[in-house]
Amino acid sequence: MDPMDPIVHLARSNQSSVEEFVLLGFSHVPRLKPVLFVLFLGMFLITMLGNGLIVLLTVVDAALHTPMYFFLRNLALVEICFSLDVVPRMLESLVAGRCISLVGCALQLFLILSCVTSECFLLTVMAYDRYVAICHPLRYGVLMNQRLCLLLAVACWVAGIPVSLLFTIWLFHFPFCGPRGVHHFLCDVAPLLRLVCADTAVFETYILVATVLVMMVPFSLIAVSYGHVLAAVVQMPSATGRHKALSTCAAHLIVVALFYGTACVIHLQPKSSYSPESKQVVSLSYTLITPMLNPIIYSLRNKEVKAALWRVLGRKKAGAQMTRALMVCFWS
């Protein structure tokens, strides 16, 4: 059974009151829309190129076939899926029609919640990987074996589906009989709740509890993992060893700070006191800036990734030279 069938059915059953929504994101700055379109398009292309390059390098370069880069590849894939779900629709709303059907809105919300949940768990697994690598280096290959890594990755991808599906179906089961304008550039929980003409107190309570569990429990596990890592690093006799251990964790810690610093502001307050315009600005941080910065952070601070890039470019250059030589020989 397709997991999207219940969403489609409920969205269509609600069409008696509202058939589509209108995304009102950036409607308060109409003159800036052309500039924002160019800016957001550039950031989107950088995001897709950077994360796509991470996926490519971790697949084709044998030196990056380790658990750390396996999970980094999955993180890049999550960022790609998230960006494809949000940014094209946002760009379209800036230059063309801003309407989105109930089915499209429900699908977008489901994918947003799924990707955010998967990223929470992936960041936790990556912290655990660093804990094992630094605190149990001699047993790293045994503990982080290929089978376990695959199971953890699959669990991270699948874990977000039930919760996301449940709350998407629940939200779109409410009647939307008021105005159609969504004060956002995407279909998120908070702006959609403003359009519901029913009592949503129970829904808000449950989604707040679920959000706290999905975001704060992984964050707590990340903090515990790095607490053990810091204790192990302090006990290292060599300054070089301490620096190397911390450098392997620095990029991940920066990404964790970026992700949780912005996502918590948005998702922990379904009906906050922030204005719709201020929430849009904050939302840009985790919809555009964080996915764009993640591959930059990992590549600029990681010598192995940069070395893999040069090796891949070197092989392509050598292949191109060999192809030209063969063509010259053939035609001569």
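At least one donor-acceptor pair under 3.5 Å links the side chain of Q108 to the backbone N or O of C187. Between the side chain of T200 and the backbone N or O of F203, no donor-acceptor pair lies under 3.5 Å.
When only modelled atom types and interatomic distance are considered, E79 and N51 share no side-chain donor-acceptor pair under 3.5 Å. Side chain to side chain, D61 and Y69 fail the donor-acceptor criterion of an N or O pair below 3.5 Å.
Of the listed residues (N145, D129, T66), just one forms a side-chain hydrogen bond (donor to acceptor under 3.5 Å, both in side chains) with Y140, and that residue is D129.
With rounding to the nearest 0.5 angstrom, the CG atom of L24 is 5.5 Å from the NE2 atom of H183. Here the straight-line distance linking atom CG of N294 with atom CD of E119 works out to 6.5 Å at 0.5 Å rounding.
Taking each heavy atom of C149 and P67 in turn, the nearest pair found is SG-CB, 3.7 Å. Listed here is the closest heavy atom pair of G52 and I80: N-CD1, 3.9 Å. Of all heavy-atom pairs spanning I222 and T124, the tightest one is CG1-CA, 3.7 Å. The two residues G181 and L195 come nearest to each other via the heavy atoms O-CD2, 3.4 Å. Scanning both residues, C135 and H228, for their nearest heavy atoms gives SG-O, 3.6 Å.
Using cut-offs of 30° and 60° on the angle between ring planes, the pair Y206 and W170 is tilted. Aromatic ring pairs are classed by plane angle as parallel below 30°, tilted from 30° to 60° and perpendicular above 60°; the pair F26 and F40 is tilted.
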Dump the intermediate steps for side-chain contact (heavy atoms from CB on, under 4.5 Å) on L208 and T205, then the final yes or no. CA-CA 5 Å; L208 180 60; T205 301; 5.9 Å; no
Check against side-chain contact (heavy atoms from CB on, under 4.5 Å), L213 and V209: CA-CA 6 Å; L213 291 176; V209 172; 4.1 Å; yes
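Looking only at side-chain heavy atoms (C-beta outward), F185 and L94 stay at 4.5 Å or farther from each other. The closest side-chain heavy-atom distance from I289 to M43 is below 4.5 Å. For the pair S101 and F21, the minimum side-chain heavy-atom distance is 4.5 Å or more.
Disulfide criterion (SG-SG under 2.5 Å) for C115 and C81: not met.
Ring to ring, Y131 and Y226 are not that close: their centroids are 6.0 angstrom or more apart.
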